[in-house]
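Whatever order the structure lists them in is the order used to number ligands and atoms, beginning at 1. Note that the structure is a prediction, hence the values are computed from the model and not measured.
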Amino acid sequence: MNAVVKPELESRTASFLSRTHKLFINNEWVEPESGKAIDVINPATGKVFARAAAGGAADIDKAVRAARAAFESGPWPSMPPIERAQLIWKLADAVEAAADEIGYILSLDNGMPMMMAKFAGALGTARNLRYMAGWCGKIDGAVPTTAEPNKLAYTLKDPVGVVGAITPWNFPFAMEADKVGQAMASGCTLVLKPAELTPLGAILLARLVQEAGIPPGVINIVTGYGDPAGKALVEHPDVDKITFTGSTATGKWIVQAAAATLKRVTLELGGKSPTFIFPDADLERAIPGAAMSVFANAGQICVAGSRLYVHKKVFDQVVEGVSGMAKRLKVGPGLEPDSQMGPLISQRQLERVTGYIESGKTEGAQVVVGGGRRAGEGYFLNPTVLAQTHRSMKVMREEIFGPVVCAMPMDDDDLDRIAKIANDTTYGLSAYIWSRDVSIVHKLARKIKAGTVQVNGGVGLDPAVPFGGYKQSGWGRERGRDGIESLTETKAIGISL
Ligand code: ADP
């Protein structure tokens, strides 16, 4: 790593990694009621390397009470927006200052390459927090023109209240900090339940929340399993809103459970996103773009472009290019400086993904490259390209969440038929178009039913750009104005003059 060498980081993080972490409630570190801990496994070795508290329903209740108290009284509800913004900036500064440690620990926790963890995980997060800080003083209502004269109406955007955030394991820290930034900017308080497989990012975040001087109870972090901790958060009667990122199956369960109290719910779920490469595309960019949209983070990305449709004129060239990249990618532990792709998160995930590859083979797909695990310890899988795939195959219909791309030739120039292919899925999270023809790009983008359409590389996950899905990819949007407003209630005030 740049200026900081690994042995130094090892000694700097040794005491953090050696203790059993507690829960962070009301800015204090507290033992879980159960007295139990989660063994955290390093996916590059399969061995336990840290321990975090296994919170349960009683701990969630304690955290929700703290968040409620901070929302109703204390400095938070009456703090001028500019001071809230300053606190978010302080948090961003603290994240930036700790970027090396965050990168190192995230790489152990999740397996991702350390540089990716540092740049996307920590420094990207600091940037997103600063963007969110800008919203604090800009959450405006409106003055509707009333139907009758001598009346005045205006709207206020009130913070929704206590937010329960539940996050997955694929981008620990970044995912959690995004939810923290949005909750703080909108004036809410938050109880966060990170994924049990990767609890350390959230614990690091709690330390930085404390360091930044954010008032007690505003951000509370309860590590624990989906059941009981996540479940208790969703079922808690004093939580106003759940913001969830994770699997579609758990999202469906959350909707049912939230119905009992009619909580507001935002869901960012799975995807089966298509990539379309047209013959006029800049292939020098399209080939690595298409490859890395699936191989980055070992394919454990909800927006993975896992269905690759390439115009028949350039199909062989693109498949060869993507397969070449797959072969050349250096797969290895995230802490090795030249690793470009780390392991999958768990043995279970490795089995799931290899199961999909096997099912593809059984259904007639051809493995162009990869297809197997790497020998030795850890949950490593070689990047895989499948060809001769068909829309009816399981690999084409279900989210794989691994480094597996299914390539198909496209021998059609009719955009309605191409859009039909894009929309031939229960998901609608993202789509990718590679073409230099503005007419194709804009027409097709309008026809695709997905929350995000990225063209020629697009903008990635920009904090200013709303993110979320159509269909079974979710409800609502995070980021940008939409994200902020999703954490507010609109109050209309009517006055007879
Ligand atoms: P995966 O199956 O890939 O682990 P999940 O959607 O189950 O993905 O996990 C995402 C997050 O949802 C994790 O923090 C997990 O603990 C949480 N979770 C799982 N089950 C539930 C549940 N019943 N209620 C609330 N949260 C849950």
Side-chain angles (χ1 to χ4, degrees), residues 23 32 34 36-41 43 52-57 59-61 63-64 109-111 163-180 190-203 205 220-236 239 241-261 263 265-272 297-304 343-353 355-356 379 398-402 427 429 469 472-475 478:
L23 309 171
S34 69
K36 291 192 181 137
I38 300 169
D39 284 333
V40 190
I41 291 174
D59 306 299
I60 288 287
D61 184 54
V64 172
D109 203 13
N110 160 281
V163 176
I166 301 174
T167 50
W169 43 260
N170 58 336
F171 286 100
F173 191 82
M175 197 83 82
E176 285 115 20
D178 264 12
K179 293 194 192 283
V180 162
L190 182 110
V191 176
L192 166 68
K193 205 300 282 175
E196 55 271 36
L197 290 174
T198 55
L200 297 190
I203 294 162
L205 186 61
N220 306 277
I221 296 176
V222 177
T223 50
Y225 293 98
D227 185 1
K231 185 168 177 282
L233 191 56
V234 177
E235 289 175 344
H236 201 291
V239 170
K241 159 129 198 177
I242 292 291
T243 165
F244 171 76
T245 304
S247 64
T248 293
T250 302
K252 288 180 183 176
W253 182 87
I254 285 176
V255 167
Q256 283 178 354
T261 47
K263 283 182 182 61
V265 176
T266 293
L267 303 170
E268 199 273 276
L269 309 174
K272 192 72 193 170
N297 208 25
Q300 301 169 125
I301 26 182
C302 50
V303 293
L344 298 183
I345 191 70
S346 63
Q347 179 65 31
R348 179 173 158 248
Q349 187 64 10
L350 182 64
E351 283 164 16
R352 265 194 78 235
V353 178
Y356 274 113
Y379 313 126
E398 297 181 16
E399 182 175 45
I400 298 175
F401 224 62
Y427 293 109
L429 193 58
Q472 294 192 27
S473 287
W475 279 0
E478 293 190 278

| query | Which atoms from ligand 1 have a heavy atom of A195 less than 4.0 Å away? | reply | 13 (C), 14 (O)
| Sub-4.0 Å atoms of ligand 1 with respect to non-hydrogen atoms of I166 | 11 (C), 12 (O), 14 (O), 17 (C), 25 (C), 26 (N)
| message | Please confirm whether F401 approaches ligand 1 to less than 4.0 Å, judged on its heavy atoms. | response | no
| query | With atoms numbered from 1 as shown, which atoms in ligand 1 lie under 4.0 angstrom from a non-hydrogen atom of G230? | reply | 24 (N), 25 (C), 26 (N)
| task | List every atom of ligand 1 that sits less than 4.0 Å from any heavy atom of G246, numbering the atoms from 1 in the order shown and giving each element. | result | 6 (O)
| request: Below 4.0 angstrom from a heavy atom of W169, which ligand 1 atoms are there? Numbered from 1 as shown, please. | output: 1 (P), 3 (O), 4 (O)
| request: Using the side-chain contact (heavy atoms from CB on, under 4.5 Å) rule, take V255 and L267 through it: C-alpha gap first, then chi angles, then the decisive distance, then the call. | output: CA-CA 9 Å; V255 167; L267 303 170; 3.5 Å; yes
| request: Starting from atom 12 (O) of ligand 1, locate the nearest protein heavy atom and write down its residue, its atom name and how far away it is, to 0.1 Å. | output: F244 CE1, 3.3 Å
| task | For T248 and Q472, test the side chains for any donor-to-acceptor distance below 3.5 angstrom and give the result as yes or no. | result | no
| request: Give a yes or no on whether the backbone of L190 and the side-chain of N220 come within a donor-acceptor separation of less than 3.5 Å. | output: yes
| From CA spacing to verdict: side-chain contact (heavy atoms from CB on, under 4.5 Å), N297, N170 | CA-CA 8 Å; N297 208 25; N170 58 336; 4.1 Å; yes
| field | Which residue and heavy atom of the protein sit nearest atom 15 (C) of ligand 1, plus the separation | value | E196 OE1, 3.5 Å
| request: Say whether T266 and K241, considering side chains only, have a donor N or O and an acceptor N or O under 3.5 Å apart. | output: yes
| task | With side-chain contact (heavy atoms from CB on, under 4.5 Å) as the test, would you mind laying out the steps for T243 and E478 before giving the verdict? | result | CA-CA 9 Å; T243 165; E478 293 190 278; 3.4 Å; yes
| query | Is it true that a side-chain atom of K193 and a backbone atom of L233 form a donor plus acceptor pair closer than 3.5 Å? | reply | no
| request: Give a yes-or-no answer on whether the side chains of Y379 and Q349 include a donor-acceptor pair shorter than 3.5 Å. | output: no
| request: May I ask whether P194 places a heavy atom under 4.0 Å from ligand 1? | output: yes
| Which atoms from ligand 1 have a heavy atom of S247 less than 4.0 Å away? | 5 (P), 6 (O), 7 (O), 8 (O)
| For atom 7 (O) of ligand 1, what is the nearest protein heavy atom, given as residue, atom name and distance? | T250 OG1, 3.0 Å
| field | For atom 24 (N) of ligand 1, the protein heavy atom that lies nearest, with its residue and separation | value | W253 CZ3, 3.3 Å
| note | The closest protein heavy-atom partner of atom 18 (N) of ligand 1 is G226 CA, 3.5 Å
| remark: Test side-chain contact (heavy atoms from CB on, under 4.5 Å), reference V64, set V222, V191, D59, output is V191
| message | Taking the side chain as everything from C-beta on, heavy atoms only, tell me whether W169 gets closer than 4.5 Å to D109. | response | no
| query | Would you say atom 20 (N) of ligand 1 touches the protein, meaning some protein heavy atom is under 4.0 Å from it? | reply | yes
| query | Side chains of K179 and T245: donor-acceptor distance under 3.5 Å anywhere? | reply | yes
| request: Would you check the N or O atoms of D227, main chain and side chain alike, for any that come under 3.5 Å of an N or O of ligand 1? | output: no
| How far is atom 2 (O) of ligand 1 from its nearest protein heavy atom, and which residue and atom is that? | R348 NH2, 4.0 Å
| query | Judged by non-hydrogen atoms, does T167 sit under 4.0 Å from ligand 1? | reply | yes
